[in-house]
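Reviewing the structure listed below.
Heavy atoms only: backbone and side chains are in, while hydrogens, waters and symmetry mates are out. Here is how names work: the chains are called A, B, and so on, in the same order as the sequence lines, proteins then strands, and each is numbered from 1. Just so it is clear, the model here is predicted, and its values are computed rather than measured.
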Number of protein chains: 2
Amino acid sequence: MSLRYAILGLLARQPSSGYELTRKFDSSLRTAWHAQHSQIYPELAKLEAEGLAEIIKRGARGSKTYGLTESGHDALRHWLVEVAPDRSQRNESAVRLFLTQLMAPRERRLAFERDLAYVHQQTAELRLIKDQLAPDEPFAPQVELGLRTNAVLSAWLQEQADAATREGGDGPQ
Amino acid sequence: MSLRYAILGLLARQPSSGYELTRKFDSSLRTAWHAQHSQIYPELAKLEAEGLAEIIKRGARGSKTYGLTESGHDALRHWLVEVAPDRSQRNESAVRLFLTQLMAPRERRLAFERDLAYVHQQTAELRLIKDQLAPDEPFAPQVELGLRTNAVLSAWLQEQADAATREGGDGPQ
DNA sequence: GTTGACATGTAACAAGTTACATGATTGA
DNA sequence: TCAATCATGTAACTTGTTACATGTCAAC
């Protein structure tokens, strides 16, 4: 049911259309939860049918902006405060890291460098977000956590890439 | 298809039964991928039918120990080296962190403390694993990464819990 | 003898992906 | 007018969860 609450949470922060939610799942929620538009639209319809969300504006090109109803806010608060978190994860990159020792040093080095490039790019995006943050923005700590986590990850990946090189990964490049 | 490769990867590290794999998904792979036995047994059957895994031993209580075939090793290597990683994630705890500002200071503080307890417990488990690691164990760097990531996370959670307390979370305990 | 861990499986359902399908609006 | 982006939806399929179902073996 996390998709449902991720949507309720995004709508609580800012009323949005399905299209806008889809982009938010690809940007701000990228590192937390993934969803396609084909999953979002039916869920919005269900939320509306159950009275947790409502259409608050119909705009151009048939767009429908949804906002939370009172019971939507209640359901979200209840989930955040009372429901025990499900700690299970699905993270393919982590599976790959777990299995890197099965690769030859050269392939392993390349895999670490590929991940490093991804983390660097993500860090650049986070820095951009941080610089554009309004001074009263309550979202700053989450950005800070992302930057700190990325710093640790990228240092580790660099160490591992170097170790793989020493083991016979025939040097950088 | 990550489940398939997670299983192939675990079998490459060590031939195992479905029951043993189920426990590994709950322990060593806990922070990367989650799977129940009801998903693992049918997947093992498929892997065998496709010639990627084979039963190498039948033990007590009907247990079947699977190992990789040559083409199983090839499929795994191909995935690790050639297939572009899927970076999308499903992490409910991250969704919750993203939404913490929607809670009142008191509830927020309790949520951070709940997460802190979980991270502390997980850190203790990792330290235990680290101490029991054989000196030649190639898995040590992954444990180290877990410890470093947890250190960053727990420092951040503590800062956030303190901030929530200052905002009106009526003090620890 | 009965509890608990070991061990494997299936069926019904829910969640998520991929592909298909359609149409509006903007800017070059 | 053409391409890109905005905007919503559905259908077929795959993946994952929950619940049901069965049997073995060891220790108490």
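Within the 4.5 Å cutoff, side-chain heavy atoms of A/Phe139 are placed close to those of B/Phe98. For the pair B/Leu99 and A/Leu10, the minimum side-chain heavy-atom distance is 4.5 Å or more. No side-chain heavy atom of A/Lys64 sits less than 4.5 Å from a side-chain heavy atom of A/Ile56.
Hydrophobic cluster of A/Leu153: the remaining members, joined at side-chain heavy-atom separations below 4.5 Å, are A/Leu97, A/Phe112, A/Leu116, A/Val119, A/Leu145, A/Val152, A/Trp156, A/Leu157, B/Leu97, B/Phe112, B/Leu116, B/Val119, B/Leu145, B/Val152, B/Leu153, B/Trp156, B/Leu157, listed by chain and number.
Boundaries of the chain B contact region on DNA chain C are C/dA5 to C/dT17, first to last in 5' to 3' order (nucleotide atom under 4.0 Å from a heavy atom).
A salt bridge links A/Asp74 with A/Arg77; the closest basic N to acidic carboxylate O contact falls under 4.0 Å. Between B/Glu144 and B/Lys130, at least one side-chain nitrogen of the basic residue sits less than 4.0 Å from a carboxylate oxygen of the acidic one, meeting the salt-bridge criterion. Ionic pairing of A/Arg109 and A/Glu167 is not present here: no N-O contact between side-chain nitrogen and carboxylate oxygen is shorter than 4.0 angstrom.
Every side chain to side chain donor-acceptor pair (under 3.5 Å) that B/Glu20 has, sequence neighbours left out, goes to B/Ser17. Every side chain to side chain donor-acceptor pair (under 3.5 Å) that A/Glu159 has, sequence neighbours left out, goes to B/Arg148. Scored by the side chain to side chain donor-acceptor pair (under 3.5 Å) test, A/Gln158 finds A/Asp162 as partners (sequence neighbours excluded). Among residues two or more places apart in sequence or in another chain, the ring-ring contact (aromatic ring centres under 6.0 Å, His included) test is passed with A/Trp79 by A/Tyr5.
Within the structure, every pair that satisfies the side-chain hydrogen bond (donor to acceptor under 3.5 Å, both in side chains) test and touches residues 114-125 of chain A, not counting sequence neighbours, is listed here: A/Arg30-A/Glu125, A/Asp115-B/Arg87, A/Gln121-A/Glu125, A/Gln122-A/Asn150, A/Thr123-A/Asn150.
Although no hydrogens or angles enter the test, the distance criterion places a donor-acceptor pair under 3.5 Å between the side chain of B/Ser71 and the main chain of B/Gly51. Between the side chain of A/Glu92 and the backbone N or O of B/Asp86, at least one donor-acceptor pair lies under 3.5 Å.
For the segment residues 51-58 of chain B, no residue has any heavy atom less than 4.0 angstrom from an atom of DNA chain C. Near DNA chain C, defined here as any heavy-atom distance below 4.0 Å, the residues from residues 24-36 of chain A are A/Trp33, A/His34, A/Gln36, listed numerically.
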Extract all donor-acceptor atom pairs below 3.5 Å that involve side chains of residues 38-47 of chain A and protein atoms in other chains or at least two apart in sequence.
{"from": "A/Tyr41", "atom 1": "OH", "to": "A/Tyr19", "atom 2": "N", "distance (Å)": "3.4"}
{"from": "A/Glu43", "atom 1": "OE2", "to": "A/Arg4", "atom 2": "NE", "distance (Å)": "2.9"}
{"from": "A/Glu43", "atom 1": "OE2", "to": "A/Arg4", "atom 2": "NH2", "distance (Å)": "3.0"}

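Counting to the nearest Å, the C1' atom of D/dT17 and the CD atom of B/Glu92 are 14 Å from each other.
Of the two residues near DNA chain C, A/Glu43 and B/Pro42, the one whose nearest nucleotide lies more 5' is B/Pro42.
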Anything under 3.5 Å between a protein N or O and an N or O of nucleotides 6-8 of chain D, put it in a table, one pair a line.
{"from": "D/dC6", "atom 1": "OP2", "to": "A/Tyr19", "atom 2": "OH", "distance (Å)": "2.6"}
{"from": "D/dC6", "atom 1": "O5'", "to": "A/Tyr19", "atom 2": "OH", "distance (Å)": "3.3"}
{"from": "D/dC6", "atom 1": "O4'", "to": "A/Arg61", "atom 2": "NH1", "distance (Å)": "2.9"}
{"from": "D/dT8", "atom 1": "OP1", "to": "A/Lys64", "atom 2": "N", "distance (Å)": "2.8"}
{"from": "D/dT8", "atom 1": "OP2", "to": "A/Tyr19", "atom 2": "N", "distance (Å)": "2.7"}
{"from": "D/dT8", "atom 1": "OP2", "to": "A/Tyr41", "atom 2": "OH", "distance (Å)": "2.8"}
{"from": "D/dT8", "atom 1": "O5'", "to": "A/Tyr41", "atom 2": "OH", "distance (Å)": "3.4"}

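In the helix from C/dG1-D/dC28 to C/dA28-D/dT1, the end axes, each obtained as the rotation axis mapping the C1' atoms of four pairs onto the next four within a five-pair block, lie 20° apart to the nearest 10 degrees.
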